Number of protein chains: 2
Amino acid sequence: MTALLHHFSQYITLSDDLSSEISNRVKHQTFKKGHLLHDANKICTHSYFIQQGLLRLYFLKDGKEVSEYFCCEKEWVNSPRSFMQQKTDIYYIDAIEDTTVFSLHVQDLVFLFNHFPEMERYARLSMGSMVGHFLERITSMRFTTAREKYTHFCETYHDIYHRIPLGMIASYLGITQETLSRIRADK
Amino acid sequence: MTALLHHFSQYITLSDDLSSEISNRVKHQTFKKGHLLHDANKICTHSYFIQQGLLRLYFLKDGKEVSEYFCCEKEWVNSPRSFMQQKTDIYYIDAIEDTTVFSLHVQDLVFLFNHFPEMERYARLSMGSMVGHFLERITSMRFTTAREKYTHFCETYHDIYHRIPLGMIASYLGITQETLSRIRADK
DNA sequence: ATGATTTTTTGATACAGATCAAAAATTATT
DNA sequence: AATAATTTTTGATCTGTATCAAAAAATCAT
């Protein structure tokens with residue numbers, strides 16, 4: 001719980017009232033490696049704050065899994081458009097490792113937004129950094145070789161890239177497993 | 001002005017007070033085609049809401065311009081990370097057409113955030129749709145041919161793609177001008 | 001532990017799109 | 001309107017990465 005409240009406090013000052021409302025609404029859960037936390041055919045009703053572990057957002061293209069991104073400790077995960085707009089979307093979420101999370105139901109989040117304006121600010125600020133990450137990613141995807149993409153990936157995900165299977169990284173980068181394997185091989 | 005207030009009202013209910021505070025703080029400006037609205041060497045202090053025209057966010061890679069995205073009527077433009085975090089970033093903003101905007105200074109926006117919680121909500125919601133767009137773009141950039149990228153671009157930017165020079169579209173898509181020219185040529 | 005899956009590596013070949021070069025067309029400037 | 005500058009098109013060639021195939025290695029399940 002400490003980790004979660006500390007996360008909020010990096011963006012806003014947490015009143016005791018808000019702290020306890022968050023604590024009371026959040027649920028501690030553990031998922032085993034390989035577990036499907038969210039299915040593309042459903043509407044995403046929960047957001048997960050990772051305490052320990054590694055989760056993945058992915059979708060299917062031509063029957064094959066394409067990893068959209070990876071989330072580790074101290075980050076929120078959900079199916080963004082599905083969670084925000086309460087409609088279905090293409091993304092699945094699964095666990096790359098055994099993972100423990102604090103999960104928050106969308107209705108509880110709506111309650112927090114409606115009663116604590118600072119939560120709106122928190123969401124604005126944290127979404128801002130999300131936008132920043134996406135921008136950097138889009139930039140690094142164009143006019144770069146497969147090797148440059150991989151190098152950039154390892155820099156950006158320095159502390160987790162070795163925890164993710166090669167095939168998942170390849171699809172994240174938009175290259176084939178074979179190519180990534182060859183890149184890793186030489187030098 | 002109507003267009004701007006109407007834009008806000010799609011996300012939040014505008015009180016008369018907030019409406020007039022926005023109106024008083026916004027400045028109407030016109031820029032000629034080719035004008036540089038923001039320079040990468042400076043900190044972005046203004047956000048521009050386009051009334052009429054077309055603006056572009058771009059950066060330089062190996063001395064060549066790479067278009068990051070295009071913004072047209074009823075959209076806000078700024079250098080995202082520079083504006084949000086008040087630091088320098090790689091992006092320039094210029095005008096593809098003669099363009100009229102309502103410009104808002106970052107300090108005025110901060111004022112609005114501090115005095116009107118609903119503005120925080122507006123920002124959260126509009127950033128949410130931004131995230132959605134970026135996600136779709138990242139998805140459509142991987143494992144797609146140059147032709148598929150262009151087709152997707154024309155669908156997404158249906159009403160403006162014919163107003164943007166070929167070379168700018170090519171760099172936006174991460175393909176060369178020559179390739180895009182050939183794609184347009186056949187069929 | 002042992003066999004079965006799954007993942008990663010290695011090899012051979014093919015092709016989409018890059019690069020280099022230059023002509024044609026369009027747009028801007030005097 | 002004429003000239004200059006820029007943008008787009010066309011052509012020829014080259015290359016990085018995909019694809020197809022199969023072996024090797026790692027991981028999982030009984």
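As the structure is a computational prediction, the values presented were derived from the model and not from experiment.
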Integer-rounded Å distance: D:dT9 P and B:I183 CD1: 12 Å

Starting at NZ of B:K32 and ending at C1' of C:dT27, how long is that distance when rounded to a whole Å? 16 Å

Report the nucleotide, chosen from C:dA21, C:dG17, C:dT8, that has the shortest atom-to-atom distance to any side-chain atom of B:T179. C:dG17

Protein-nucleotide distance (B:I164, atom CD1; D:dT8, atom P), rounded to Å: 12 Å

Separation of atom CZ in B:R142 from atom P in C:dA16, rounded to whole Å: 22 Å

Is the distance from OP1 or OP2 of C:dA18 to the nearest side-chain N or O of B:T176 less than 4.0 Å? yes

Does the distance from a Lys or Arg side-chain N to an Asp or Glu carboxylate O, for B:E73 and B:R163, drop under 4.0 Å? yes

Is B:G174 touching bases, backbone alone, or none of the nucleic acid, heavy atoms closer than 4.0 Å? sugar-phosphate

Ignoring the backbone of B:A185, work out which of D:dA18, C:dG17, D:dT10 is nearest its side chain. D:dT10

5'-most by nearest nucleotide on DNA chain C - A:G167 or A:F143: A:G167

Closest to the B:K33 side chain, choosing from C:dA28, D:dA21, C:dC20: C:dA28

C:dT9 phosphate, OP1 or OP2, under 4.0 Å from A:S181 side-chain N/O: yes

Separation of D:dT17 P from A:L180 CG (nearest whole Å): 12 Å

Are A:I96 and A:Y92 connected in a single hydrophobic cluster, I mean Ile/Leu/Val/Met/Phe/Trp/Tyr linked by side-chain heavy atoms less than 4.5 Å apart? no

Give the rounded distance in Å between these two atoms: CD of B:E178 and P of D:dA12. 15 Å

Between C1' on D:dA18 and CG on A:L173, what's the gap in Å once rounded to a whole number? 15 Å

Are OP1 or OP2 of D:dG16 and a side-chain N or O of A:T145 less than 4.0 angstrom apart? no

Categorize A:I175 for me: base, sugar-phosphate, or nothing, with a 4.0 angstrom heavy-atom threshold over every strand shown. sugar-phosphate

Suppose we call two aromatic rings close when their centres sit under 6.0 Å apart. Are B:Y122 and B:F8 close by that rule? yes

Value in whole Å for how far the C1' atom of C:dA24 lies from CG of B:L166: 14 Å

Under 3.5 Å, is there any donor-acceptor pair linking the side chain of B:R182 to the base of D:dG11? yes

Look at the aromatic rings of A:F31 and A:Y48 and report parallel, tilted or perpendicular, splitting at 30° and 60°. perpendicular

is_close_aromatic(B:Y157, B:Y161), centroid dist under 6.0 Å: no

